[in-house]
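Predicted, not measured: the structure shown is a model, and the values here were computed from it. For reference, positions follow the sequence shown, starting with 1.
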Amino acid sequence: MGNTKTKIETHINKISNIHIWNQISKQPESSFYSQTQVVKLIIDLKDNDSIYFLQTNKYFYHFFFCQDFLSFPKRNLVVPDNRIFNRNNYNNGPERRFILGTLCYYLDKKLWVFELMAGDPLEGELFVKSFNIIKKNVFFGSELKYHPKSFLHQNIIKTDEIIQKSDIKIITSNEIYGSMEYQSLTLGTTYGILKILEKVEQNEEIEQSITPEHILVTGEIPVDIPPVAGLITSTFQAPLSHVALLSANRNTPNMALKNAIDKDFIQSLNGKFVKLVVTRQEFQVIEFPDGKQSKEYLDWEQKMERKKSRIPKIEVLFSDENIGLIQLQNLQEIHLAMVGHKAYTLNGLKAINLPKKIDVPGFVIPFYFYLQFSQQFDIENSILKSQEFEQSPENRRKMLKELQEKIKKSHIDSQLIESIKEKISEIEKEFEETIKNHFDGFIFRSSTNVEDLPGFTGNGLFESLPIKSISDEEIEKTMLEIYSSLWSFKTIEELKLFQIDLSKISMAIIVQPFLSKNMKANGVALTGNPYKPAYPSFFVNIQSSKGSVTDSKSNVNPEQIFIFENSRKNETENKDEKVICQEVVSTSSLVDSPILNSNDISNLNSLLKAINWKFGGLYYKHGCNSAEVEFLVPNDEDFIFVVQSRPFQIEMNENLN
């Protein structure tokens with residue numbers, strides 16, 4: 001089987017050269033890491049430690065190969081069903097027959113790496129023996145390193161004397177992540193005019209220079225961007241940062257390429273019409289001289305139009321019924337059209353009864369009060385129905401700026417302000433001790449009828465502002481700022497992009513304690529896996545209290561982990577039990593150790609499962625398959641604060657493995 005001219009259909013027992021590797025390796029579309037080739041391997045401990053390097057294009061999952069080739073009933077070596085197979089062979093019990101691993105070749109830095117499944121506790125002599133068997137049977141044995149993919153693996157490496165005494169070379173997740181040159185975020189193909197910007201500052205001049213036809217190449221990671229055709233940043237993005245989620249929600253192809261702005265081929269394309277292709281493993285940026293008249297472009301445009309036509313029309317609900325100021329815990333489904341999805345979802349989160357979850361109290365100032373306030377501006381007739389408004393973005397920018405200035409110079413009804421102060425006073429009296437320990441004033445949060453919707457999150461469009469002083473002036477100023485954010489140019493352009501009826505948009509305001517003191521961490525999680533959509537796991541970005549996970553600051557990385565459950569046999573009670581596992585992509589650049597402890601991870605896992613159960617059906621009904629959850633973890637306390645949950649669509653690709 002060493003003849004490289006022979007097609008390798010199922011497996012080979014030795015990888016003696018790069019030609020064999022190229023024939024049996026696969027570039028997985030489900031990998032977090034780009035520019036990667038993998039080969040699956042199996043060592044059969046009950047059959048003289050036989051080693052099998054799988055034809056990974058055919059057998060990406062170990063189980064199916066074992067079932068097809070390594071089930072020997074006559075020798076009493078039967079491969080059980082998938083669940084028992086995984087339980088037996090990703091644990092150290094007596095039932096273990098196979099070592100199931102992966103060889104990875106990271107092309108950017110030419111790294112050869114051996115990896116185990118993140119929850120596999122392989123250790124000691126068996127680990128060292130397995131590594132040496134692999135090393136002896138591959139042509140790159142002298143270069144082979146072991147990558148501990150999880151905190152479990154890292155702890156084994158640190159504490160296992162047998163492994164420490166061996167000559168096995170170790171490479172960390174941070175080293176692998178740091179070696180990457182290319183990062184894929186939102187996959188897709190797009191066309192547009194390539195525009196290089198060192199900084200995307202939030203000023204009118206730069207905003208006006210950017211159009212939806214631009215493919216932006218930026219030196220720094222932007223805090224925010226208007227609608228564009230594509231985005232390439234010169235440093236890696238936190239996958240759940242604001243700009244990354246914004247691109248995902250818009251379905252804007254988004255990638256990072258280290259030092260992109262300085263690369264000759266990028267510089268040569270500045271100002272030219274180009275084609276950008278972002279796949280999980282590779283990218284393409286090429287000049288496209290045929291432009292918009294070419295068949296390829298027209299076919300792509302038709303495909304995008306068909307895709308857009310399949311998106312359900314975004315339903316904008318609003319009611320001007322006066323229900324007064326209503327506490328979050330009293331909200332019911334009938335109030336959805338009066339307070340918006342964000343407020344209503346906070347009430348749904350309260351209904352999730354978990355011992356390690358603390359609900360933040362609060363109340364809502366419903367749409368009714370905004371609608372009463374906004375009547376003085378007659379926005380529909382004076383702006384929305386005017387020909388001038390529709391004629392050009394420049395006209396809209398001017399008219400909306402004038403409207404915002406009028407709103408900010410207006411006044412909130414004094415009786416309403418008095419009612420808000422009374423309600424805040426009531427909430428303060430009812431604070432639990434846990435709230436008092438982290439309380440730092442109050443925050444007024446937007447809750448429009450055009451955010452946190454399935455198909456449109458409105459992420460970052462509207463203001464949420466903390467206030468320190470509960471004075472009439474501070475409350476009025478804050479409310480006017482939030483009301484005016486409903487009519488910012490960037491908001492209206494985004495709503496127009498999604499064909500949302502502007503005459504129906506309205507603003508409610510959530511008032512809650514602002515929790516920022518004595519926090520260990522802040523985080524964003526998806527109740528799904530954007531890299532392996534069919535694999536039951538959660539993708540989590542966490543940052544220490546020294547930074548914010550939603551920030552897009554260049555060269556500041558959050559801790560990035562996948563959380564999933566693995567089965568393990570409890571030998572004492574002779575039954576299966578669930579074990580929570582973590583796969584580490586990178587650790588935070590702001591701290592030297594894992595941010596969350598095992599209790600925190602367990603609490604977070606329970607919380608994300610409960611949110612998935614609570615909202616999964618509702619989101620799925622509207623075309624979304626997961627939730628995006630923001631949370632806070634306090635110092636030295638065994639619970640989690642949930643900030644908000646909104647629908648999120650993880651793209652399912654039938655070719656993902």
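Taking each heavy atom of Trp487 and Ile505 in turn, the nearest pair found is CH2-CD1, 3.6 Å. The minimum heavy-atom distance linking Thr190 with Ala229 is given by the pair OG1-O, 3.1 Å. Scanning all heavy atoms of the two residues, the minimum distance from Leu116 to Tyr146 falls at CD1-OH, 3.8 Å. For the pair Val243 and Pro222, the tightest heavy-atom approach, listed with the atom from each and the gap, is CB-O, 3.6 Å. Closest of all the heavy-atom pairs between Ile542 and Val549 is N-CG2, 3.9 Å. Taking both residues in full, the closest heavy atoms of Thr279 and Ser184 are given as O-CB, 3.3 Å, listed atom of the first, atom of the second, then distance.
For the side chain to side chain contact (heavy atoms under 4.5 Å, CB included) test, residues two or more places apart in sequence or in another chain that qualify with Val643 are Arg445, Glu630, Leu632. Annotation: side chain to side chain donor-acceptor pair (under 3.5 Å) contacts of Thr233 (sequence neighbours excluded): Gln237. In this structure Ser537 satisfies the side chain to side chain donor-acceptor pair (under 3.5 Å) test together with Asn529, sequence neighbours excluded. Residues passing the side chain to side chain contact (heavy atoms under 4.5 Å, CB included) test with Asn251 are Thr186, Lys307, sequence neighbours excluded. Evaluation of the ring-ring contact (aromatic ring centres under 6.0 Å, His included) rule for Phe65 yields His11, Tyr52, Tyr59, Phe69 as partners, not counting sequence neighbours. Residues that satisfy the side chain to side chain donor-acceptor pair (under 3.5 Å) test with Asn57, not counting sequence neighbours, are Gln55. Every side chain to side chain contact (heavy atoms under 4.5 Å, CB included) that Ala260 has, sequence neighbours left out, goes to Val217, Ile232, Ser234, Leu257. Residues meeting the side chain to side chain contact (heavy atoms under 4.5 Å, CB included) test with Ser173, sequence neighbours left out: Tyr33, His147, Val584. Residues forming a side chain to side chain donor-acceptor pair (under 3.5 Å) with Thr102 (at least two apart in sequence, or on another chain): Lys40. Partners of Tyr191 according to the ring-ring contact (aromatic ring centres under 6.0 Å, His included) rule, which considers only residues two or more places apart in sequence or in another chain, are Phe288, Tyr297, Trp300.
Counting non-hydrogen atoms of other residues, nucleotides and ligands closer than 6.0 Å to NZ of Lys401 gives a total of 12 or fewer.
Between the side chains of Thr235 and Glu220, no donor-acceptor pair is found at a separation under 3.5 Å. Inspection of the Thr491 and Glu494 side chains reveals no N or O donor paired with an N or O acceptor under 3.5 Å. Side-chain contact check for Asn541 and Glu559: no donor-acceptor pair (N or O, by modelled atom type) lies under 3.5 Å. A donor-acceptor contact under 3.5 angstrom links the side chains of Asn612 and Thr527, judged on distance only. No donor-acceptor contact under 3.5 angstrom links the side chains of Asn174 and Ser586, judged on distance only. When only modelled atom types and interatomic distance are considered, Arg646 and Thr457 share no side-chain donor-acceptor pair under 3.5 Å.
Using a distance-only test at 3.5 Å, with no hydrogens or angles considered, no donor-acceptor pair links the side chain of Glu583 to the main chain of Ile563. Between the side chain of Gln281 and the backbone N or O of Thr36, at least one donor-acceptor pair lies under 3.5 Å. Judged by distance alone, the side chain of Asn155 and the main-chain N or O of Phe151 form a donor-acceptor pair under 3.5 Å. Side-chain atoms of Thr172 come within 3.5 Å of backbone atoms of Glu175 as a donor-acceptor pair (strictly under, hydrogens ignored). Counting only distance, with no hydrogens or angles, the side chain of Ser179 and the backbone of Tyr177 share no donor-acceptor pair below 3.5 Å. Checking side-chain atoms of His214 against main-chain N and O of Ile210 turns up no donor-acceptor pair under 3.5 Å. At distances below 3.5 Å, at least one donor-acceptor pair connects side-chain atoms of Ser150 with backbone N or O atoms of Ala118. Using a distance-only test at 3.5 Å, with no hydrogens or angles considered, a donor-acceptor pair links the side chain of Ser626 to the main chain of Phe648. Judged by distance alone, the side chain of Thr252 and the main-chain N or O of Gly230 form no donor-acceptor pair under 3.5 Å. Side chain of Ser446 to backbone of Thr448: no donor-acceptor contact under 3.5 angstrom is found.
Using a cutoff of 4.0 Å between basic side-chain nitrogens and carboxylate oxygens, Lys295 and Asp299 are scored as salt-bridged. The existence of a salt bridge linking Lys292 and Glu301 is excluded, since no basic side-chain nitrogen approaches an acidic carboxylate oxygen closer than 4.0 Å.
Judged by a 6.0 Å distance limit and a 45° cone about the ring axis, Lys145 is not positioned over the six-membered ring of Phe114.
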Distance-only check: which donor-acceptor pairs under 3.5 Å involve side-chain atoms of residues 103-113, not counting sequence neighbours?
{"residue": "Tyr106", "atom": "OH", "partner": "Glu115", "partner atom": "OE2", "Å": "2.7"}
{"residue": "Asp108", "atom": "OD2", "partner": "Glu181", "partner atom": "N", "Å": "2.9"}

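Within the 4.5 Å cutoff, no side-chain heavy atoms of Lys26 are placed close to those of Gln37. Val274 is not listed as a side-chain neighbour of Ile286, based on a closest heavy-atom distance of 4.5 Å or more. Between Phe539 and Lys532 the shortest side-chain heavy-atom distance does not fall below 4.5 Å.
Taking the ring centroids of Phe139 and Trp21, they lie at or beyond the 6.0 Å cut-off. No close placement of the Phe538 and Phe562 rings is indicated, their centers lying 6.0 Å or farther apart. Between Tyr182 and Phe283, a ring centre-to-centre spacing shorter than 6.0 Å is recorded.
Identified under the side chain to side chain donor-acceptor pair (under 3.5 Å) test for residues 262-278, with sequence neighbours left out: Lys275-Glu296.
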